[in-house]
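These numbers come from the heavy atoms of this one structure, side chains and all, not from hydrogens, waters or symmetry mates.
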Amino acid sequence: MRHIRQKSHNSRTANQILVMLAFFSVSAGLWANFRQLWLQENSYSASDISTLTSIATFLSVGGVLLVGWKLRPSALKSFMTGILAFRLINSAVQLGLNGTGQVFVINLCTIIEIFTGYMIVASVYPLLTTLMKSNKIYSKRKLVEYLFRDVGVLIGGILIGQSMIGLNVDYNVCLAVSMVFLAMAMVTMFYIRVKPTASSSCRQKSAFRYILKSKIQTCYMLYAFLSSTSFATALGLKMLIMTNLLEFSASTATNYLLIGGLVGDVVGMVALKYFTPKNDYITMTLKFGIRLGAYIIAVLADNPFVFLLAFTWAMLSETAYEDVSDGHYINLVDNQHQLSYNTTKHVMNYLGEATGVLFCGWMYNYGLSAIFGLAATIMVFQMAIAYYLIHLRHRRCHTRHTASRLRYDERLLEE
């Protein structure tokens, strides 16, 4: 009975964490959708924006490493509450910077905003693993983040350009609305009660040695880096691509990205529940092979409509099969190593994202063919590693099964 009560309490607490993540994702999605255009309105070029975003992401890597190696799981809740409060203050400063020409302060606030966003996202799953751990909760956490980011995009799409209480809704007003949801996330996080589960820092740090000694985990980290790089190369500056290269208006681009994101969330949920093939090679081919083909066709066709189709498919396939492509490797790790392991995984993702955004900015002036061509080239290497990982997984499962059978046969002989 006590175990059932504890399980029920953990489930409720996990749901509260997901509610916090939902509020934060609405706030982040609303503002991140317009940040590029807000910066462009403040005289930033596409190259300036990609460089600033990449610098912020590279700096976030150091912060994520510090959190993973120095922060105990028992301190995660307090840390996340403090980061949310710091981000809220930073957003209030950003609110007053529009049109001021204070380049240094705008750069600093943008870096802090991106930095704190990564800190929160990187800390959510380790906090959840102090309560429960499974492919299901991992996928649920990912889907909550993606879905409510799209809700934030929806709110921004509804508000932008409207006139409310005599005030024309611009990018700054959208930032103010995002602050409301950020405050709700902070309050929710403050009232969450998580039972402390401390582990020694040396045990946490040993996860890095574990990754280096495991061929599967080493390859997975390389896969995570290339996956983020290829995706960010193609979609790292999506609002600028939509509004400038594909000539959408800001509101139309927002609505298009919203619909694509929401449909992608539905595709992800349906695929996870009903359409994930038993053969992992087929799953990887469906997720990435079709995307690679779409990129190549777009480059060869050199047609804006075909580019839009490739762009759209990348969004639709983003969340599908998360449990197959990520969950298995993450859940191989025990709870004592989870924080530092998750930190290393996020570091590889963020390094890939920063590199991809930088590549996207460099290719931006050469056009869509250059952007998608480079993304396709990176994806070829990504898919090769993905297939090799599946081979290693299957061989590992076969070896473990064979070893178990041998031990069983030996016990029978002894009897």
Side-chain angles (χ1 to χ4, degrees), residues 23-54 56-57 87-88 90-103 105-118 120-121 145-164 167-183 185 232 235-262 311 315 353 357 360-361 364:
F23 284 138
F24 173 77
S25 297
V26 171
S27 171
L30 199 166
W31 178 237
N33 186 59
F34 293 120
R35 185 203 308 125
Q36 294 172 8
L37 298 180
W38 184 83
L39 289 169
Q40 184 176 252
E41 200 175 65
N42 282 274
S43 303
Y44 282 69
S45 68
S47 179
D48 293 334
I49 294 169
S50 70
T51 302
L52 179 61
T53 304
S54 297
T57 307
R87 181 183 174 92
L88 186 61
N90 182 72
S91 296
V93 174
Q94 277 183 298
L95 200 62
L97 290 173
N98 190 41
T100 62
Q102 299 291 327
V103 176
V105 184
I106 291 175
N107 288 348
L108 181 61
C109 287
T110 302
I111 288 172
I112 291 173
E113 181 234 322
I114 295 172
F115 181 90
T116 53
Y118 283 126
I120 294 298
V121 171
E145 180 189 351
Y146 291 143
L147 176 61
F148 284 94
R149 277 182 181 270
D150 290 334
V151 171
V153 175
L154 170 62
I155 293 172
I158 292 173
L159 292 178
I160 195 71
Q162 300 295 319
S163 181
M164 301 175 62
L167 180 67
N168 186 55
V169 178
D170 58 8
Y171 304 137
N172 235 33
V173 174
C174 290
L175 174 58
V177 175
S178 77
M179 289 173 60
V180 175
F181 288 96
L182 182 59
L235 279 77
L237 298 174
K238 56 187 175 183
M239 278 300 283
L240 293 180
I241 290 173
M242 293 285 286
T243 55
N244 296 335
L245 300 184
L246 294 175
E247 299 182 351
F248 282 64
S249 68
S251 59
T252 303
T254 297
N255 292 332
Y256 191 88
L257 292 174
L258 166 67
I259 294 171
L262 290 174
F311 191 91
M315 288 193 297
E353 185 174 336
V357 171
C360 187
Y364 183 88

Separation between [atom1] of [X] and [atom2] of [Y], rounded to the nearest 0.5 Å:
X    : Y    : atom1 : atom2 : value
N107 : I112 : CG    : CD1   : 11.0 Å
Y364 : L245 : OH    : CG    : 4.0 Å
I155 : D150 : CD1   : CG    : 11.5 Å
E353 : S54  : CD    : OG    : 9.0 Å
L108 : Q102 : CG    : CD    : 12.0 Å

[X] versus [Y]: any side-chain heavy-atom pair under 4.5 Å?
X    : Y    : result
Q94  : T110 : yes
L240 : L37  : yes
E145 : F24  : no
L235 : M315 : yes
T57  : F115 : no
M179 : W31  : no
F181 : V151 : no
F34  : E41  : no

Ignoring hydrogens and geometry, is there a side-chain-to-backbone donor-acceptor pair from T53 to S50 under 3.5 Å? no

Does either side chain, that of N244 or that of Q40, offer a donor lying less than 3.5 Å from an acceptor on the other one?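 There is such a pair between these side chains.
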
Under a 3.5 Å cutoff, is there a donor and acceptor pairing between the side chains of S45 and D48?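 Judged by distance alone, the side chains do pair up.
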
Would you please test L257 and M239 for side-chain contact (heavy atoms from CB on, under 4.5 Å) and show each step? CA-CA 9 Å; L257 292 174; M239 278 300 283; 3.4 Å; yes

Search all heavy atoms of [X] against all heavy atoms of [Y] and return the closest pair with its distance.
X    : Y    : answer
Q36  : G236 : NE2-O, 3.2 Å
A46  : L237 : O-CD1, 4.1 Å
R149 : A28  : NH1-CB, 3.7 Å
G156 : L30  : N-CG, 4.1 Å

Before you tell me yes or no, could you show the steps for F248 and Y256 under ring-ring contact (aromatic ring centres under 6.0 Å, His included), namely the whole-Å CA-CA distance, both residues' side-chain angles and the distance that decides it to 0.1 Å? CA-CA 9 Å; F248 282 64; Y256 191 88; 5.8 Å; yes

For the side chain to side chain contact (heavy atoms under 4.5 Å, CB included) test, which of L39, V357, I114 pairs with L52?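 So the option named by the test is L39.
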
Contacts of type side-chain hydrogen bond (donor to acceptor under 3.5 Å, both in side chains), residue N42, not counting sequence neighbours: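 Per chain and number, N42 pairs via side-chain hydrogen bond (donor to acceptor under 3.5 Å, both in side chains) with N98.
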
For S25, enumerate each residue passing the side-chain hydrogen bond (donor to acceptor under 3.5 Å, both in side chains) test, keeping only those at least two apart in sequence or located in another chain.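 So S25 forms no side-chain hydrogen bond (donor to acceptor under 3.5 Å, both in side chains) with any residue.
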
Qualifying salt bridge (Lys or Arg N to Asp or Glu O under 4.0 Å) pairs with a residue from residues 237-259, counting only residues at least two apart or across chains: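 The answer is none; no pair qualifies.
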
Name all pairs fulfilling the salt bridge (Lys or Arg N to Asp or Glu O under 4.0 Å) condition that reach into residues 28-37, sequence neighbours left out, sorted by first residue then second.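 The answer is R35-E113.
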
V93: side-chain contact (heavy atoms from CB on, under 4.5 Å) partners, not counting sequence neighbours: L97, C109

Check residues 171-178 and write down every donor-acceptor pair under 3.5 Å in which the side-chain atom is one partner and the other belongs to a residue at least two apart or another chain.
residue: N172; atom: OD1; partner: W38; partner atom: NE1; Å: 3.3
residue: N172; atom: ND2; partner: L95; partner atom: O; Å: 2.7
residue: S178; atom: OG; partner: L175; partner atom: O; Å: 2.6

